[in-house]
Visitor: 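Sharing a structure below in structure tokens format, with a few things to ask.
In what follows, chains carry the letters A, B, and so on, assigned in the order in which the sequence lines appear, proteins first and then strands, with residues in each chain numbered from 1.
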Number of protein chains: 2
Amino acid sequence: MSQGERPRAVHVIVDGWAVSTKQLIDGRRQIVNFLVPGDLCATNIYILDRADHALAALTHARVASIGAADFEAMMAASPRIARALWWNELSAASVQREWTTSLGQRNAYERIAHLLCELYMRLHAVGLTQRGGCEFPITQNDLADATGLTSVHVNRTIQQLRHDGLIELHDKRLIPNDIKRLAEAGLFHPDYLHLAPSIHGG
Amino acid sequence: MSQGERPRAVHVIVDGWAVSTKQLIDGRRQIVNFLVPGDLCATNIYILDRADHALAALTHARVASIGAADFEAMMAASPRIARALWWNELSAASVQREWTTSLGQRNAYERIAHLLCELYMRLHAVGLTQRGGCEFPITQNDLADATGLTSVHVNRTIQQLRHDGLIELHDKRLIPNDIKRLAEAGLFHPDYLHLAPSIHGG
DNA sequence: CGAGAAGTTGAAGCGTGTCAAATGCAGTGG
DNA sequence: CCACTGCATTTGACACGCTTCAACTTCTCG
């Protein structure tokens with residue numbers, strides 16, 4: 001999906017990673033969210049005009065699409081589903097506020113620590129961590145676009161995190177060696193993710 | 001409403017200004033949105049656990065509250081209202097993404113120009129502009145907390161905007177002298193606000 | 001008329017950006 | 001199997017936007 005396009009369907013990431021991005025007219029690009037398996041996106045089929053952000057796959061990814069009509073029918077048919085969709089939208093908004101806060105208040109080191117924490121926790125919540133680590137196909141360039149830093153500075157900051165024993169990061173895998181200290185370093189507090197309630201509403 | 005509190009009601013700003021803020025454990029504060037008359041907030045009564053952000057009045061303000069039960073009844077009773085509320089939530093999310101982009105990609109000058117543009121347009125959309133200007137009760141300190149800058153640098157940047165003839169800002173009033181150039185300076189494109197459709201859905 | 005909040009100013013320092021080049025690594029084709 | 005290509009990562013030197021600190025001024029309002 002491209003920025004400015006009229007969205008036609010709701011997408012669910014089945015497999016793989018994707019990003020949601022916004023682009024300024026002069027080309028600067030901001031990644032506004034990472035999407036991992038289980039994540040919904042483009043719920044804004046309700047907003048009739050153009051999409052304000054773009055979606056792109058980071059890895060080879062499988063994506064399920066639900067047409068607008070089906071989506072609305074689903075919402076109408078089951079209050080339980082409607083509620084779950086509300087819940088999903090609201091917790092996505094909460095994550096977006098946390099990103100705003102990160103970019104506004106945290107420095108490079110805290111920002112990256114926080115982002116790594118968030119992604120690890122989100123993957124953990126959907127059972128996608130193994131042996132204390134997780135897949136991590138994000139390039140330092142993408143991290144730069146997500147954190148509002150340059151890739152050069154991202155590189156230096158990651159080296160610092162490694163040196164401080166907080167993470168291992170290589171071969172597209174992230175291992176938070178000391179997730180507690182990583183969370184402290186990033187002033188990370190998982191509440192904003194609103195995780196845990198696998199069954200919600202009713 | 002405080003961060004960490006269990007939200008009880010949906011609020012509507014009837015009159016006056018408010019802010020939605022997030023605070024880090026060490027005290028740093030980020031303003032994640034400004035709320036002007038007509039704005040809804042704390043729709044997250046659906047998220048059962050704690051509020052991830054706080055609400056505070058900036059000026060003397062009148063606020064209407066809708067209890068959770070009434071709110072849900074309203075949604076259930078009228079698909080039209082439900083749809084409007086969805087629309088409201090989705091466009092709020094869009095604004096939040098734009099803020100993320102601002103903090104990540106725009107420099108101080110662009111950031112402030114963009115924010116002033118946004119607020120002016122939002123006020124304009126609800127008929128709260130007069131003679132090419134609008135009320136502007138936001139202190140430079142608040143602007144700093146919203147843009148992730150220091151108040152000192154906000155001050156200098158505003159002086160620059162004044163000097164460049166883009167705005168007048170005094171006595172709690174903002175006058176965008178040249179809104180077109182201000183928008184250009186802030187790389188502002190109003191699409192993300194999803195304004196205009198006063199009657200929506202159906 | 002006094003006191004606190006908001007706005008303004010100057011000088012110095014630091015975090016992050018910029019530019020440029022080197023290195024490593026995976027895929028491709030000869 | 002090796003040259004070739006392109007992308008991701010790493011490194012160094014230098015520049016600059018923004019912060020910090022501290023003082024001063026101007027407003028607001030009881």
Side-chain angles (χ1 to χ4, degrees), chain A residues 17 19 24 26-31 56-60 102-116 135-164 167-174 185-187, chain B residues 17 19 24 26-31 56-60 102-116 135-164 167-174 185-187:
Chain A
W17 291 57
V19 286
L24 302 186
D26 65 0
R28 279 177 273 177
R29 185 178 86 125
Q30 175 70 34
I31 292 181
L58 271 187
T59 65
H60 181 69
S102 240
L103 289 168
Q105 302 299 324
R106 287 186 249 257
N107 63 26
Y109 190 84
E110 295 164 344
R111 235 180 267 184
I112 292 180
H114 187 275
L115 179 56
L116 297 184
E135 201 191 337
F136 198 82
I138 306 174
T139 67
Q140 295 185 1
N141 235 311
D142 292 331
L143 281 178
D145 283 347
T147 54
L149 302 164
T150 58
S151 60
V152 172
H153 200 61
V154 165
N155 181 275
R156 292 186 168 125
T157 307
I158 285 178
Q159 287 179 53
Q160 189 65 45
L161 285 165
R162 277 199 273 250
H163 175 265
D164 294 347
I167 60 166
E168 281 173 42
L169 183 53
H170 47 76
D171 302 328
K172 304 205 175 302
R173 280 195 72 77
L174 165 68
L187 294 90
Chain B
W17 291 57
V19 285
L24 302 186
D26 65 0
R28 280 176 273 176
R29 185 178 85 125
Q30 175 71 34
I31 293 181
L58 270 188
T59 65
H60 181 69
S102 240
L103 289 167
Q105 303 298 324
R106 287 186 249 257
N107 63 26
Y109 191 84
E110 294 164 345
R111 227 125 104 183
I112 293 180
H114 188 274
L115 179 55
L116 296 183
E135 199 191 340
F136 199 82
I138 306 174
T139 68
Q140 295 185 359
N141 236 310
D142 292 330
L143 280 178
D145 284 346
T147 54
L149 303 164
T150 57
S151 59
V152 171
H153 199 60
V154 166
N155 181 278
R156 291 182 171 130
T157 307
I158 286 179
Q159 286 179 54
Q160 189 64 44
L161 286 165
R162 279 200 273 248
H163 176 263
D164 294 347
I167 60 166
E168 281 172 44
L169 182 53
H170 47 78
D171 303 327
K172 303 204 174 303
R173 280 195 71 78
L174 165 68
L187 293 88

Visitor: Give, ordered by number, those residues of residues 135-145 of chain A having at least one heavy-atom distance below 4.0 Å to an atom of DNA chain C; if nothing qualifies, reply none.
Guide: none
Visitor: Provide the closest heavy-atom pair for B:Y109 versus B:Q160 in the form atom of the first, atom of the second, distance.
Guide: CE1-CG, 3.5 Å
Visitor: May I have the distance from A:E110 (atom CD) to C:dG15 (atom P), rounded to whole angstrom?
Guide: 12 Å
Visitor: Looking only at non-hydrogen atoms, find the nearest pair between B:L103 and B:G148 and report the distance.
Guide: CD2-N, 4.0 Å
Visitor: For A:H163 and D:dT10, give me the distance from atom NE2 to atom P, rounded to whole Å.
Guide: 15 Å
Visitor: Check whether any side-chain N or O of B:R106 sits under 3.5 Å from a backbone N or O of B:G186 as a donor-acceptor pair, and report yes or no.
Guide: yes
Visitor: Specify the separation, in whole Å, of atom NZ of A:K172 and atom P of D:dC7.
Guide: 13 Å
Visitor: Send over the distance from B:R28 CZ to D:dT19 P, rounded to a whole Å.
Guide: 13 Å
Visitor: Tell me: NE2 of B:H60 to C1' of D:dC29, nearest whole Å?
Guide: 17 Å
Visitor: Round to a whole Å and report the spacing from CZ of B:R173 to P of C:dG7.
Guide: 16 Å
Visitor: Could you tell me the separation between the CG atom of A:N107 and the P atom of C:dG17, rounded to a whole number of Å?
Guide: 11 Å
Visitor: Which whole-number value in Å describes the distance from B:D171 CG to C:dA6 P?
Guide: 15 Å
Visitor: Please determine which of A:I158, A:L174, A:I138 meets the side-chain contact (heavy atoms from CB on, under 4.5 Å) test together with A:L116.
Guide: A:L174
Visitor: Going by an N to O cut-off under 4.0 Å, is there a salt bridge joining A:D26 and A:R28?
Guide: yes
Visitor: So, does B:R111 get its side chain near the phosphate of D:dG17, meaning an N or O under 4.0 Å from OP1 or OP2?
Guide: no
Visitor: Checking all strands, does A:R106 fall into the base, sugar-phosphate, or nothing category for heavy-atom contacts under 4.0 angstrom?
Guide: nothing
Visitor: For a 4.5 angstrom cut-off between non-hydrogen side-chain atoms, does B:L149 reach B:I112?
Guide: yes
Visitor: Under 3.5 Å, side chain of B:Q30 to main-chain N/O of B:D145, donor-acceptor pair present?
Guide: yes
Visitor: Under a 4.0 Å N-O cut-off, is there an ion pair linking A:D142 with A:R29?
Guide: yes
Visitor: Output the residues of residues 148-161 of chain B in contact with DNA chain C, where contact means a heavy atom of the residue under 4.0 Å from an atom of the strand; sort by number or write none.
Guide: B:V152, B:N155, B:R156, B:Q159
Visitor: A:L143 and A:F136: side-chain contact (heavy atoms from CB on, under 4.5 Å), yes or no, with the steps?
Guide: CA-CA 11 Å; A:L143 281 178; A:F136 198 82; 4.2 Å; yes
